[in-house]
Amino acid sequence: QVQLVESGGGLVQPGGSLTLACAASGSFSYINDMGWYRQAPGKARELVASITSSGSTNYADSVKGRFTISGDNAKNTVYLRMNSLKPEDTAVYYCKMVVRRETIVPSMYQYWGQGTQVTVSS
């Protein structure tokens, strides 16, 4: 199995910064792509940012220029640096990874972290 453990959430004032981290552990060959999603109360989960194994990134329009996603393949970890935070960034943030596992039929599997709360408020 594969486990994703997130860290770095918390309470921050508007304009402040936070860095989230998500580390993968378990049995897998490699990580194909990684991403961060968020879900605010009463809203659907939405993509915040993603990064492929080749380093290509994608961001939601609402966070472009403020958030930066990065990956450390040696540590099997994905980060999300969040600057200039706004109250509307308040949500539970989830990481997602797609990994290859050498099961009976080697395949790509998708895993989610448990979520970490980010609250932006004065």
Considering all heavy atoms of both residues, which atom of [X] and which atom of [Y] are nearest to each other, and what is their separation?
X	Y	result
Ser17	Asn83	OG-OD1, 2.9 Å
Ala21	Thr77	CB-CG2, 4.4 Å
Val2	Ser27	CG2-O, 3.7 Å

Distance col, row Ser122:OG vs Gln13:CD, nearest 0.5 angstrom, shows 7.0 Å
Supply the atom-to-atom distance Ser53 OG to Ile31 CD1, rounded to the nearest 0.5 angstrom.
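Output value for this atom pair is 10.0 Å.
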Within the structure provided, determine whether [X] and [Y] are in side-chain contact (heavy-atom separation under 4.5 Å).
X	Y	value
Tyr109	Thr103	yes
Trp36	Leu20	yes
Leu18	Val118	yes
Tyr94	Lys96	no
Lys86	Val120	no
Pro87	Ser121	no

Distance-only polar pair, side chains of [X] and [Y], donor-acceptor under 3.5 Å:
X	Y	answer
Arg101	Tyr30	no
Thr52	Ser54	yes
Ser50	Tyr37	no
Arg38	Tyr93	yes

Shared ILVMFWY cluster between [X] and [Y], side chains joined below 4.5 angstrom?
X	Y	result
Tyr79	Ile51	no
Leu47	Val92	yes
Leu4	Val98	no
Tyr111	Phe28	yes

Hey, is the main chain of [Y] close enough, under 3.5 Å, to the side chain of [X] for a donor-acceptor pair?
X	Y	result
Ser107	Val105	yes
Gln1	Gly26	no
Glu6	Gly115	yes

Inset, instruction - Please list, chain by chain and in numerical order, all residues satisfying side chain to side chain contact (heavy atoms under 4.5 Å, CB included) with Pro106, sequence neighbours excluded. - result: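 Result, side chain to side chain contact (heavy atoms under 4.5 Å, CB included) vs Pro106: Arg100, Glu102.
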**Request:** Go through Val99 and Asn32 one step at a time and tell me if the side chain to side chain contact (heavy atoms under 4.5 Å, CB included) criterion holds.
**Result:** CA-CA 5 Å; Val99 307; Asn32 190 63; over 6 Å; no
Side-chain donor-acceptor pairs under 3.5 Å in residues 64-76, sequence neighbours left out?
{"from": "Lys64", "atom 1": "NZ", "to": "Asp61", "atom 2": "OD1", "distance (Å)": "3.1"}
{"from": "Arg66", "atom 1": "NH1", "to": "Ser84", "atom 2": "O", "distance (Å)": "2.9"}
{"from": "Arg66", "atom 1": "NH1", "to": "Asp89", "atom 2": "OD2", "distance (Å)": "2.7"}
{"from": "Arg66", "atom 1": "NH2", "to": "Ser62", "atom 2": "O", "distance (Å)": "2.8"}
{"from": "Arg66", "atom 1": "NH2", "to": "Asp89", "atom 2": "OD1", "distance (Å)": "3.0"}
{"from": "Arg66", "atom 1": "NH2", "to": "Asp89", "atom 2": "OD2", "distance (Å)": "3.4"}
{"from": "Asp72", "atom 1": "OD1", "to": "Ala74", "atom 2": "N", "distance (Å)": "3.1"}
{"from": "Asp72", "atom 1": "OD1", "to": "Lys75", "atom 2": "N", "distance (Å)": "3.2"}

Between Asp33 and Met97, does the side chain to side chain contact (heavy atoms under 4.5 Å, CB included) criterion hold? Intermediate values first, please.
CA-CA 6 Å; Asp33 59 81; Met97 295 191 188; over 6 Å; no
